[in-house]
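Before any comments, here is the structure.
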2 protein chains.
Amino acid sequence: MTQTAETFSIRQMCDAFDVTARTLRFYESKELLFPIREGTSRHFTKQDRARLTLILRGKRFGFSLEDIRQLLEMYNRDGSNEAQLTRTYLIAQDRLSQMQAQRAELDEAIADLKTQLVEGEKRLAQFARSARTAAE
Amino acid sequence: MTQTAETFSIRQMCDAFDVTARTLRFYESKELLFPIREGTSRHFTKQDRARLTLILRGKRFGFSLEDIRQLLEMYNRDGSNEAQLTRTYLIAQDRLSQMQAQRAELDEAIADLKTQLVEGEKRLAQFARSARTAAE
DNA sequence: CGTTACATTTACGTTAACGTCACCCTATCT
DNA sequence: AGATAGGGTGACGTTAACGTAAATGTAACG
């Protein structure tokens, strides 16, 4: 039993998420992933896959791995301790407002960029006109 | 005339944008900003301010400075060359679709996080109930 | 049994994005 | 004139997030 249907090997993870093995080992060393260690090799569970999805997503929004690690704590059954749970709850609330702010900003940025694209189109059209004129 | 109403000193920039002088000099060295050099000191124009706004915004979305630099090219009157303009136009289009994808993902992430917060609230409420029970 | 394919650890290398330090200039206040 | 404030240029240091290389283990294939 080198792998069940439930777990992924490191290669399968690499293929599924388009990351290198080094990255997965690195994330494990940073306590972002917790694959089962059977003998020498790693077996990544469904939980690890969910975590990795969140990690990669977080990265796309500019969060550091340490930020993400703290967020992931809340996705754990770690709430044994009330103080701990309260703390991570507050962190998550904070993160939520950050993301909502980011969303507003993203909308703004998209609008800006669209405006710029229209500008670019106008200028490209100008080039097209000059070319036509030159041809006559 | 050490500064007009139109330009900012490096300190004013630092205060206005909450960055260090080192950062501004670094951005200049990377050709992201182009302050006027009057003798020894720098004078940041309105254009520099607009650029810096875009730089900081880009960073918040996880773009690298080099990515941002390329984007900023389009915000320039640099379209002297048609090929160049076309190239930056395509880059911008690409960036736009990236940001739109990011927006969709962000919405998803926000929804996820909200769900988790509700979970957290339930568990905190559970703690509150146990406390009441213990008090009786 | 050799080798091919994958896996692991250890450890040094790399890149981006600044921080920090040392040293220098110069304008201005006292 | 001396001190203080603010700006400038190297140049080396630092941190995050991996890359890369060397040495080793092991499972299966022909």
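Each chain gets a letter, A, B and so on, in the order its sequence line appears, and its residues count up from 1. Below, each value reflects all heavy atoms present in this structure, side chains not excepted, and no hydrogens, waters or symmetry copies.
For B/Phe44 and D/dG8, the CZ to C1' distance is 12 Å, given to the nearest whole Å. Summarising the geometry, the separation between CG on A/Asp15 and P on C/dC6 is reported as 10 Å, rounded to the nearest angstrom. Atoms CG (B/Leu33) and P (C/dC18) sit 11 Å apart, rounded to a whole Å. Counting to the nearest Å, the P atom of C/dT26 and the CD1 atom of B/Ile10 are 18 Å from each other. In this structure, CD of A/Glu38 is placed 11 Å from P of D/dA27, rounded to the nearest angstrom. Rounded to a whole Å, the CD atom of B/Glu28 is 15 Å from the C1' atom of C/dC18. Taking atom CZ on A/Arg25 and atom P on C/dC6, their separation rounds to 13 Å, with Å as the unit. Atom NE2 of B/His43 and atom C1' of D/dG8 are 13 Å apart (whole Å).
The closest side-chain donor-acceptor pair between B/Asp112 and B/Thr115, if any, does not fall under 3.5 angstrom. Under the 3.5 Å distance criterion, with hydrogens and angles disregarded, a donor-acceptor pair is assigned to the side chains of A/Arg129 and A/Gln126. Between the side chains of B/Ser130 and B/Thr133, no donor N or O sits under 3.5 Å from an acceptor N or O. Side-chain contact annotation: A/Gln102 with A/Gln98, donor-acceptor N/O pair under 3.5 Å absent.
Note on B/Arg11: a side-chain N or O is less than 4.0 Å away from OP1 or OP2 of D/dG7. An OP1 or OP2 oxygen of D/dG8 is reached within less than 4.0 angstrom by a side-chain nitrogen or oxygen of B/Arg42.
Using a distance-only test at 3.5 Å, with no hydrogens or angles considered, no donor-acceptor pair links the side chain of B/Arg103 to the main chain of A/Asp107.
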Would you tabulate the nitrogen or oxygen pairs shorter than 3.5 Å linking the protein to nucleotides 16-22 of chain D?
unit_1: D/dA17; atom_1: OP1; unit_2: A/Leu65; atom_2: N; d: 2.9
unit_1: D/dC18; atom_1: OP1; unit_2: A/Lys59; atom_2: NZ; d: 3.2
unit_1: D/dC18; atom_1: OP2; unit_2: A/Tyr27; atom_2: OH; d: 2.6
unit_1: D/dC18; atom_1: OP2; unit_2: A/Lys59; atom_2: NZ; d: 2.8
unit_1: D/dG19; atom_1: OP2; unit_2: A/Thr20; atom_2: OG1; d: 2.8
unit_1: D/dG19; atom_1: N7; unit_2: A/Arg22; atom_2: NE; d: 3.1
unit_1: D/dG19; atom_1: O6; unit_2: A/Arg22; atom_2: NH2; d: 3.1
unit_1: D/dT20; atom_1: O4; unit_2: A/Arg22; atom_2: NE; d: 3.1

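B/Glu28 has no carboxylate O lying under 4.0 Å from a charged side-chain N of B/Arg25, or vice versa, which leaves the two without a salt bridge.
Every residue meeting the side chain to side chain donor-acceptor pair (under 3.5 Å) condition with A/Arg60, not counting sequence neighbours, appears here in chain and number order: B/Glu105.
With DNA chain C read from its 5' end, the first of the two nearest nucleotides for A/Arg37 and B/Thr40 is the one closest to A/Arg37.
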